[in-house]
Amino acid sequence: MKIGFLTCPGTHPGSPARRDDAFEHDYQVEALRPAMAARGQELVEIDWRSPIGAFAEMPLILIGTPWDYHDAEQEFLAQLDALEAAGHQICNSASLVRWNSRKTYLRDLEDRGAATIPTIWLERADSRDIASAFDQFEGNTVVAKRQVGAGAEGQSIHNKASLDQSWTMDQPMMLQPFLPQIQSDGEYSFLFVDGQFSHALVKLPTAGDYRVQSLYGGSEQPLDPAPTDLAAARAIIEAIPHELPLYARIDMVRGEDGGLLVMEAELIEPYLYPMQGPKLGTLMAEAIERRLAK
Ligand SMILES: Nc1ncnc2c1ncn2[C@@H]1O[C@H](COP(=O)(O)OP(=O)(O)OP(=O)(O)O)[C@@H](O)[C@H]1O
Ligand SMILES: [Mg+2]
């Protein structure tokens, strides 16, 4: 049984446009392929832009590593719709992907009781919005992020004592209090497969930065989470207002009261940190098998 794994020119094996960080693609495939093969599932890497006919023998398609979809989001969503219309099961589904592609999904999670970071949502923002955010959050440091995007692109941090009065962003933005625990305690990632906990890790920024991404020098360590922290992550999975995702990475940071707050729920093409999760391949293959049997 063939199982598709979507790629893009930046990640597809042998592609002349392969990115330097495509080894992350290889790690994920190496974690999944043998466990899937043991259950009669053949993982087939396939560029997401391939014609629908090329997916003919793949009843289930994993979103994989289509890292360039941000540059062609409508085309990507249309392709997922077309694949579903042709009878393929996409994991995660087109409806989950649509919901997850704007950070406004955090509001839905909050409405359903999830512990979130206080956030001001704006269609565009300037320094006056930052000034009122200092007041509203009763703090001296505010993080401004784009509602759509990844890799901390377009993100900025603002201090009350040195606010740049000319700062402005002409696109949908979100403002949050800066949580200093990101620097001391780090960002926690919890990986779930079909709602089952697979593994966790903690990501720390390099000294002097607050962004945990490897691009900015951040590093990660495997983690055996405390039961209350794991329960907080599980509560995020349960608050998703759609079907259970096949795979999910819940990123969290500790708030003032010591409880974990959701930073992001990554359901589209999260890096799954396979090196820190020895059970990942087996859990995924079992979950795929259950889905194929339905
Ligand atoms: N409120 C906050 N307090 C402290 N640090 C923050 C806050 N918001 C974001 N950060 C830092 O910035 C990083 C990027 O933010 P976030 O994950 O929300 O955006 P992103 O652009 O989707 O990034 P990515 O997709 O690469 O994870 C976080 O991992 C964290 O290190
Ligand atoms: Mg993030």
Side-chain angles (χ1 to χ4, degrees), residues 10 19 21 24 63 65-71 73 92 97 99-110 114-122 125 129-130 133-134 136-160 169 171-191 200-221 223 233 236 247-273:
R19 289 169 38 161
D21 53 355
E24 290 192 349
I63 291 184
T65 56
W67 292 350
D68 63 358
Y69 87 90
H70 290 283
D71 308 330
E73 198 174 323
N92 291 324
V97 169
W99 175 74
N100 196 231
S101 61
R102 294 185 77 88
K103 291 224 168 84
T104 44
Y105 70 78
L106 289 165
R107 286 200 296 222
D108 298 333
L109 293 176
E110 182 173 27
T116 54
I117 303 172
T119 305
I120 298 171
W121 301 90
L122 298 163
D129 298 308
I130 304 282
F134 293 136
Q136 190 169 326
F137 298 143
E138 296 175 8
N140 295 325
T141 316
V142 161
V143 180
K145 308 193 253 193
R146 302 191 310 175
Q147 291 182 18
V148 180
E153 227 185 286
Q155 185 175 309
S156 53
I157 187 161
H158 304 265
N159 288 299
K160 201 170 184 173
M169 283 293 266
Q171 50 187 298
M173 296 297 291
M174 49 197 288
L175 309 182
Q176 296 182 333
F178 171 70
L179 298 172
Q181 289 84 348
I182 195 90
Q183 283 168 316
S184 49
D185 202 46
E187 181 174 299
Y188 294 74
S189 287
F190 298 86
L191 284 297
L201 51 135
V202 62
K203 301 180 277 187
L204 274 160
T206 193
D209 208 304
Y210 73 103
R211 296 161 302 188
V212 300
Q213 283 74 4
S214 50
L215 181 63
Y216 301 105
S219 56
E220 64 269 344
Q221 290 288 319
L223 171 84
I236 304 303
Y247 54 87
R249 196 184 84 211
I250 307 298
D251 290 342
M252 307 189 85
V253 61
R254 218 168 277 292
E256 245 170 49
D257 69 356
L260 289 183
L261 309 176
V262 61
M263 172 82 74
E264 288 190 277
E266 299 253 19
L267 309 183
I268 303 177
E269 30 83 284
Y271 185 51
L272 299 172
Y273 293 97

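We count ligands from 1, going down the list as the structure has it; atoms in each ligand are counted the same way.
- The closest approach between Gly218 and ligand 1 stays at or above 4.0 Å for every heavy atom of the residue.
- In this structure, the separation between CZ on Arg146 and NZ on Lys103 is 8.5 Å, given to the nearest 0.5 Å.
- Under 4.0 angstrom from ligand 1, there are no non-hydrogen atoms of Arg146.
- If you check the side chains of Arg254 and Tyr188, you find a donor sitting under 3.5 Å from an acceptor.
- Under a cut-off of 6.0 angstrom, the local environment of CD in Glu256 is sparse, with at most 12 non-hydrogen atoms contributed by other residues, nucleotides or ligands.
- Closest heavy-atom contact between Ser189 and Asp251: OG-OD1, 2.6 Å.
- In the candidate list Gln155, Arg211, Glu266, Gln155 is nearest to atom 14 (C) of ligand 1, counting heavy atoms.
- For atom 29 (O) of ligand 1, the nearest non-hydrogen atom from the set Glu264, Lys203, Glu187 comes from Glu187.
- Residue Lys145 has at least one N or O atom closer than 3.5 Å to an N or O atom of ligand 1.
- The ligand atoms of ligand 1 that sit less than 4.0 angstrom from a heavy atom of Pro177 are 1 (N), 2 (C), 3 (N).
- Closest approach of Tyr247 to Ile63, counting heavy atoms only: OH-CB, 3.4 Å.
- At a cut-off of 2.8 Å, Glu264 coordinates the Mg ion (ligand 2) through an N, O or S atom.
- Ser184 and Leu204 get closest at one heavy-atom pair: O-CD2, 4.0 Å.
- Judged by distance alone, with hydrogens and angles left aside, the side-chain atoms of Tyr210 form no donor-acceptor pair with the main-chain N or O of Phe178 at under 3.5 Å.
- Between the side chains of Glu269 and Thr65, no donor-acceptor pair of N or O atoms lies under 3.5 Å.
- Given atom 21 (O) of ligand 1, the protein heavy atom at minimum distance is Ala152 N, 2.8 Å.
- Residue, atom and distance of the protein heavy atom nearest to atom 31 (O) of ligand 1 are Tyr210 O, 2.8 Å.
- If you check which protein heavy atom lies closest to atom 3 (N) of ligand 1, you get Leu179 N, 2.9 Å.
- Val97 approaches Ile268 most closely through the heavy-atom pair O-CD1, 3.7 Å.
- The shortest N/O to N/O separation between Ile117 and ligand 1 does not fall below 3.5 Å.
- For ligand 1, the atoms sitting less than 4.0 Å from at least one non-hydrogen atom of Gly149 are 22 (O), numbered in the order shown with element in parentheses.
- When the heavy-atom distances from atom 19 (O) of ligand 1 to Lys103, Gln213, Met263 are ranked, the shortest goes to Lys103.
- Looking at Ile182 against ligand 1, only its side chain comes within 4.0 Å, counting heavy atoms.
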